[in-house]
> 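Pasting a structure here, questions to come.
Just the heavy atoms: all of them, side chains too, but no hydrogens, waters or symmetry mates, feed the values below. Small disclaimer: the values here were computed from a predicted structure and weren't measured.
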Amino acid sequence: MKIMNKLSRLLTLLAVIAMLVGCLAACELIMPGQGGGDTTCTEHVDANSDLVCDNCSAKLESPHEHTFVEGKCECGEEDPDYAPHVHNFYYGTCACGEVDPNFEPIDYASQVKFDPKSGKAWAEVEVKSYIDGDTTHFYIDKEYISEGFLKARYLGINTPESTGVIEPWGKKASNYTKSRLLEATSIIVESDTATWNLDSTGDRYLVWVWYRTSENEEYRNLNLEILQQGLAYGSNVSSNTYGYYALSSLNQAKALKYHVFSKEKDPDFYYGGAIEVSLKELKANTYWDDEKGKHQNKYEGKLVKFEGVVAKQVGPTIYIEEYDAEHDMYFGMQIFCGYGYPKMNEFQIGNRMSIVGTLQYYELGGTYQISNLKYKTLDPNWEGGCRVLSTGHSASFGEIDAGTIMNGSITLDVITEIQDENGEIIDTTITEKIFDYGELAHYSSVTVKNLTVKSVWTTQSDTDSDGALTITCEDENGVRIKIRTAEKLIHNDNLTVVEKSDFPAGTVISVKGIIDSYNGEYQIKVFSINDFTFE
């Protein structure tokens, strides 16, 4: 019996020892390294992504993703597939953006030489008018061009616009061309063939322009110079005499990201909400719509920005004008400031202004004017508003004959935008359009001489026009034109009213005034007795 009891206690002890060994083995799985055992969790599992092993509760490290820069990660790991980049410089610039520090731009304009014996038509000329970056008018011997002047369209280049809708870099291109020609002591225009060739407009001659600034220098090709400055896009660059040099100049400017090919903003261009245009562009887009039975303008109701010189100020109304060298005339515009405009003192006669306002149809005057002017009282130089650009100019009051005002015409190139079904502009076309001279010059200042008074009519009304005179005159060629006083005029004694008796029939007068219209007929508006000269 005692032996049985001892055996039972021994078996119980062995069972306890076996249980302890099992517990130690279990602990070793849960906490590797504890209790003297080796790690038995050979592959950690982290199904819930909490960076703790689901089997052994060991803390895990976040997996590292290598970021290789030039084949090496910041952790020190190297990319086994890395191949060092070899720069391939094209006109001094690699595709990766790296610039060759030793690169010197090539002056292609100096690599071509003017050859008077090439067999191509050429002539030495003088500047008549600076138009824009790729167009200049030159005086030329009638032996070459019967008119005595040549409207030159530069071959191989197309500069941004600066005479119609103003485009970025357009003014800079125009100023660059003008500055080069101003420095010239001699200018030569050269055709691409043995004859003088007109462009698609039939009005301008396609030429290469050469210049030099001293008698000891060789002539430089201005077309190529403009291209390599990045101030023009190419225009049939490969299909002419100097095609190789033109294309090389263009490619170099593109590679070096000069001006029109850069991502920089043109400091002379306004990038605000207004459409930057010229006065000529505003006037050239007015037309009569037969279907609607009224005048239309594609800029009507839009905020526009343009420049001009103040010719006259009458109360809240300003007359502003801008000279167009291409057509040797002034385009005019009426500006209605409103009676509450706080900066009227800036519209001094002779001030060159930047105007920002809305183009609206003026029913009473039967024409377009600018109103709703933009300004900041505390910031007179705000680019988005009306501001003074320069002073010391003067109203033109250019001499012109009555026949030109009443019956003259001007042909302008008008840009038409082609839109898709969504209203997006997909292309543009240029067409010629004939305008009345008076329509384009409307609101500009003029002087008309040697007019003979035929009759006078006095306005009688309850308005400000009471006492105003309408003087019908005739010039030496029998052309009739009316002179209209803006209101009742007073003689210089400040007492006596100017009356119809001051203009007896047969009196010869000259007048200075603003081109205006009444009932669809052009006339000249005067504002003072001093606007008349009695011959």
> Is the Tyr323 ring parallel, tilted or perpendicular to the Tyr330 ring (thresholds 30°, 60°)?
tilted

> Given side chains that start at C-beta, do those of Asp132 and Thr177 come closer than 4.5 Å, heavy atoms only?
no

> Ser186 and Glu124: side chain to side chain donor-acceptor pair (under 3.5 Å), yes or no, with the steps?
CA-CA 7 Å; Ser186 176; Glu124 189 168 9; 2.6 Å; yes

> At what distance, to the nearest 0.5 angstrom, does OH of Tyr368 lie from CE of Met333?
10.0 Å

> If you count every heavy atom of other residues, nucleotides or ligands that lies below 6.0 Å from Lys305 atom NZ, does the total exceed 12?
yes

> Has Lys343 got more than 12 heavy atoms of other residues, nucleotides or ligands less than 6.0 Å from its NZ?
yes

> Scan Arg153, Lys178, Lys151, Arg204 and name whichever one has a salt bridge (Lys or Arg N to Asp or Glu O under 4.0 Å) with Asp134.
Arg153

> Between Asp531 and Lys512, does the salt bridge (charged side-chain N to carboxylate O under 4.0 Å, His left out) criterion hold? Intermediate values first, please.
CA-CA 5 Å; Asp531 291 334; Lys512 293 172 63 176; over 6 Å; no

> Just by modelled atom types, is the Glu161 backbone N or O under 3.5 Å from a matching donor or acceptor in the Glu167 side chain?
yes

> Do the side chains of Glu307 and Arg387 get close enough for a salt bridge, i.e. N-O under 4.0 angstrom?
no

> Measuring from atom CG of Leu206 to atom CG of Leu155, what distance do you get when rounded to the nearest 0.5 angstrom?
5.0 Å

> Looking at Lys280 and Glu322, is any side-chain nitrogen of the basic one under 4.0 Å from a carboxylate oxygen of the acidic one?
no

> Determine whether a donor-acceptor pair (N or O, by modelled atom type, separation under 3.5 Å) exists between the side chain of Tyr270 and the backbone of Glu383.
no

> Ring centres of Phe503 and Phe534 under 6.0 Å apart?
yes

> Please round to the nearest 0.5 Å and tell me the distance separating atom CZ of Phe331 and atom CZ of Phe435.
8.5 Å

> Counting only heavy atoms not in Glu535, do more than 12 sit closer than 6.0 Å to its CD atom?
yes

> Within the side chain of Thr447, is there an N or O that forms a donor-acceptor pair under 3.5 Å with the backbone of Phe397?
yes

> Has the side chain of Ser444 got a donor or acceptor atom that lies under 3.5 Å from a matching backbone atom of Ile514?
no

> Ser179 side chain to Asn175 main-chain N or O, any donor-acceptor pair under 3.5 Å?
yes

> Do Tyr176 and Gln229 touch side chain to side chain, with heavy atoms closer than 4.5 Å?
yes

> Please tell me if the side chains of Glu183 and Ser214 come closer than 4.5 Å, counting only heavy atoms from C-beta onward.
no

> Can you find a heavy atom in the side chain of Lys171 that is under 4.5 Å from one in the side chain of Glu276?
yes

> Run the side chain to side chain donor-acceptor pair (under 3.5 Å) test on Asn197 and Asp192 for me, step by step, so that the C-alpha distance in whole Å, both residues' side-chain angles and the decisive distance to 0.1 Å come before the verdict.
CA-CA 8 Å; Asn197 304 309; Asp192 209 45; over 6 Å; no

> Any side-chain heavy atom of Tyr518 within less than 4.5 Å of one from Arg484?
no

> Taking NZ, NE, NH1 and NH2 as the nitrogens, is one of them in Lys283 or Glu439 under 4.0 Å from a carboxylate oxygen of the other?
no

> If a pair satisfies ring-ring contact (aromatic ring centres under 6.0 Å, His included) and one of its residues is in residues 440-495, list it, with sequence neighbours excluded.
Tyr319-Tyr443

> Can we call the ring centroids of Phe261 and Tyr233 under 6.0 Å apart?
yes

> Could you tell me whether the side chain of Thr472 and the main chain of Lys454 form a donor-acceptor pair under 3.5 Å?
no

> Is there side-chain contact between Lys488 and Val497, with heavy atoms separated by less than 4.5 Å?
yes

> Which distance, rounded to the nearest 0.5 Å, do you find between the CG of Asn450 and the CG of Asn477?
11.0 Å

> Could you walk me through whether Ile318 and Met344 pass the side-chain contact (heavy atoms from CB on, under 4.5 Å) test, one step at a time?
CA-CA 9 Å; Ile318 307 298; Met344 289 299 299; 3.9 Å; yes

> Nearest 0.5 Å, what's the CG-OG1 distance between Asp502 and Thr496?
9.0 Å

> Looking only at atom types and distance, does a side-chain atom of Thr485 sit under 3.5 Å from a main-chain N or O of Glu487, one as donor and one as acceptor?
yes

> Please tell me whether Trp208 and Tyr242 form a close aromatic pair, meaning their ring centres lie under 6.0 Å apart.
yes

> Does Tyr271 have more than 12 heavy atoms from other residues, nucleotides or ligands lying within 6.0 Å of its OH?
yes

> Glu126 versus Phe138: any side-chain heavy-atom pair under 4.5 Å?
no

> Let me see the working for Val388 and Arg352 under side-chain contact (heavy atoms from CB on, under 4.5 Å), right down to the final yes or no.
CA-CA 6 Å; Val388 178; Arg352 183 168 184 80; over 6 Å; no

> Are the ring centres of Phe114 and Trp122 closer than 6.0 Å?
yes

> For the CD1 atom of Ile405 and the CD1 atom of Ile515, what is their distance to the nearest 0.5 Å?
4.5 Å

> Backbone N or O of Met353 within a donor-acceptor pair of the Asn351 side chain at under 3.5 Å?
no

> Would you please indicate if the ring centroids of Tyr362 and Phe336 are separated by under 6.0 Å?
no

> Go through it in stages, so that I can follow the logic: the residues are Thr470 and Val456, the test is side-chain contact (heavy atoms from CB on, under 4.5 Å), and I'd like the CA-CA distance, side-chain angles, deciding distance and then a yes or no.
CA-CA 6 Å; Thr470 301; Val456 184; over 6 Å; no

> For this output row, return yes or no: ring centroids of Phe149 and Tyr139 closer than 6.0 angstrom.
no

> Step by step, would you call Ser371 with Thr358 a side chain to side chain donor-acceptor pair (under 3.5 Å)?
CA-CA 5 Å; Ser371 59; Thr358 304; 5.9 Å; no

> Taking the side chain as C-beta and beyond, is there a heavy-atom pair between His259 and Asp266 under 4.5 Å?
no

> Backbone N or O of Leu282 within a donor-acceptor pair of the Asn297 side chain at under 3.5 Å?
yes

> Given 3.5 Å as the limit, does a donor-acceptor pair link the side chain of Asn494 with the main chain of Ile490, or not?
no

